[in-house]
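A quick write-up on the structure given underneath.
We use all heavy atoms of the structure for the numbers below, so side chains are in, but hydrogens, waters and symmetry mates are not. Starting from 1, each residue takes its place in the sequence as its number. Just so you know, ligand 1 is whichever comes first in the structure, and atom 1 is the first atom listed for that ligand.
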Amino acid sequence: MELVNSVTKGMRPYPMEELARIKAELVKAGKPVYDFGTGDPKIPTWPPIRDAILKAIPLTSQYPSVKGSDALREAQWTYLTKRFGIQKIPEIGLIPAQGTKEAIFNIGLCLIGREGKKHLVYPDPGYPVYRASALYAGGIPYPVRLTSETNMRIEPWKLPADIQKSTAAIWINHPHNPTGANATYDYWQELITWCHKTDTILLSDDCYVDIYNSDIDQNIISDPKKDTRPLTPLQFSSDRVLTFMSLSKRSGLTGYRSGMIAGDARIVNSILQARANFGVGSPDFIQAGAAVAWADENHVAERRKIFTHRLNLAAPHLRKLGLLDGMPDAAFYLWCKVPKSFQGQDVKFILALAEEGMITSPSSWLSEGMTGYFRLAMVPDDKSTEEAMNILTRFVEKHA
Ligand SMILES: Cc1ncc(COP(=O)(O)O)c(C=O)c1O
């Protein structure tokens with residue numbers, strides 16, 4: 001007897017939950033744990049955000065609107081204009097989201113099947129929700145393996161002609177989780193041209209767009225052709241383009257669930273109607289805190305300094321061990337090769353390393369069949385990072 005459908009039955013345990021289980025076992029055994037697993041940095045929330053939330057908790061609870069408060073929408077527009085030069089024009093629509101995860105999942109329900117197109121193209125390795133979204137929407141997942149030959153970027157113009165024709169939407173994620181790869185001005189241009197030519201909706205997961213090397217803050221150039229900060233495709237065109245942005249990495253508000261969808265107003269207006277059914281209105285007090293977060297850049301610059309410092313701290317150790325080739329372009333991850341003695345056995349490697357107290361994510365859990373890599377999310381503080389690098393060094397030398 002089938003009590004759930006085949007998509008639900010086929011879901012792999014969500015990778016982050018698997019990591020939590022391993023960690024709990026270590027804690028139970030009384031071992032110190034250095035957790036580089038989940039991309040959820042534990043940096044205290046910028047106080048004005050907390051204050052705004054606390055002040056906005058009402059005496060009487062009411063349903064929030066899915067469209068979002070005027071104050072939040074204004075703060076989001078101002079951010080888009082200041083950060084990317086995107087103007088508030090009728091061709092561009094914007095709606096808040098309860099973090100980007102739900103928005104990434106739910107957009108599949110709105111797009112897959114349009115014009116008879118059933119494929120959803122997405123990067124592999126990459127965020128696992130793209131695939132789940134395609135499956136639950138009755139679509140066909142089409143992962144594209146990223147390689148260093150294309151600088152970890154999908155080149156959809158090289159896909160088989162029938163796939164190009166039947167792709168409803170394509171997910172692009174730069175800065176990329178897990179590799180940290182970024183895209184260039186020329187890449188975005190070429191990609192948008194392809195999307196227009198093939199009538200494909202470009203879905204840009206811009207979750208890490210504000211997590212870049214803090215040195216750039218000393219010399220910001222707003223001309224997108226010269227800007228060394230990550231770009232969003234919405235700077236190039238709004239036609240068939242949607243960006244998904246989040247306060248989770250920018251402001252560390254992972255627990256509050258706040259983000260936005262912005263782009264082609266024709267699509268945004270339609271999905272607004274759909275989202276009224278999804279139950280994704282953000283509580284008003286969270287929206288109040290989110291408005292404060294989008295309006296301030298200083299706390300984000302402080303966070304960038306912390307991540308840049310941690311990446312610089314860990315990278316030399318990893319390079320010395322032969323596990324890391326170069327620095328990531330952006331985001332706060334290090335995408336490392338598993339040691340030679342564990343070649344093709346990433347899960348075995350990370351489990352053995354976890355026994356020593358260092359938690360990481362194997363490529364198998366972040367991809368569809370890659371076994372040669374593991375990811376460090378630079379979540380622990382400097383001291384813990386140093387200690388973990390010592391554990392890793394001892395471990396690699398012992399298993400050489
Ligand atoms: C690539 C990517 N996209 C989206 C998300 C979802 O972030 P949130 O729902 O917190 O905005 C994450 C979270 O780690 C991510 O790594």
Taking only non-hydrogen atoms of Arg257 and a 4.0 Å limit, the atoms of ligand 1 in range are 8 (P), 9 (O), 10 (O)

Tell me the protein heavy atom at minimum distance from atom 1 (C) of ligand 1, and give that distance in Å. Asp205 OD2, 3.3 Å

Report yes if the distance between the aromatic ring centroids of Phe349 and Phe395 is under 6.0 Å, otherwise no. yes

Which of Leu334, Leu392, Leu376 passes side chain to side chain contact (heavy atoms under 4.5 Å, CB included) with Leu323? Answer is Leu392

Measure the distance from atom 10 (O) of ligand 1 to every protein heavy atom, then report the residue, atom name and distance (to 0.1 Å) of the closest one. Ser248 OG, 2.5 Å

Mind running salt bridge (charged side-chain N to carboxylate O under 4.0 Å, His left out) on Glu2 and Lys9 for me, showing each step along the way? CA-CA 9 Å; Glu2 299 268 319; Lys9 232 175 147 187; 3.3 Å; yes

Residues Asp199, Arg240: salt bridge by 4.0 Å N-O rule: yes

Which ligand 1 atoms, with their elements, are less than 4.0 angstrom from a heavy-atom of Ser246? 8 (P), 11 (O)

Using 30° and 60° as the class boundaries, would you call the ring planes of Phe84 and Tyr79 parallel, tilted or perpendicular? perpendicular

So if I count the atoms of ligand 1 from 1 in the order they appear, which ones are less than 4.0 Å from some heavy atom of Thr100? 4 (C), 5 (C), 6 (C), 7 (O), 8 (P), 9 (O), 11 (O)

Determine whether the side chains of Tyr208 and Ser246 contain a donor N or O and an acceptor N or O closer than 3.5 Å. no

In terms of its nearest heavy atom to atom 16 (O) of ligand 1, the top option of Phe105, Tyr127, Trp171, Tyr208 is Tyr208

Contact with ligand 1 for His176, non-hydrogen, under 4.0 angstrom: no

Nearest protein heavy atom to atom 14 (O) of ligand 1, by residue and atom, and its distance? Lys249 NZ, 2.8 Å

Report yes if Asn173 has an N/O atom closer than 3.5 Å to an N/O atom of ligand 1; otherwise report no. no

Where does the angle between the aromatic ring planes of Tyr130 and Trp171 fall among parallel (under 30°), tilted (30 to 60°) and perpendicular (over 60°)? parallel

I'd like to check whether Thr254 has a polar contact with ligand 1, where a contact means an N/O of the residue lying under 3.5 Å from an N/O of the ligand. no

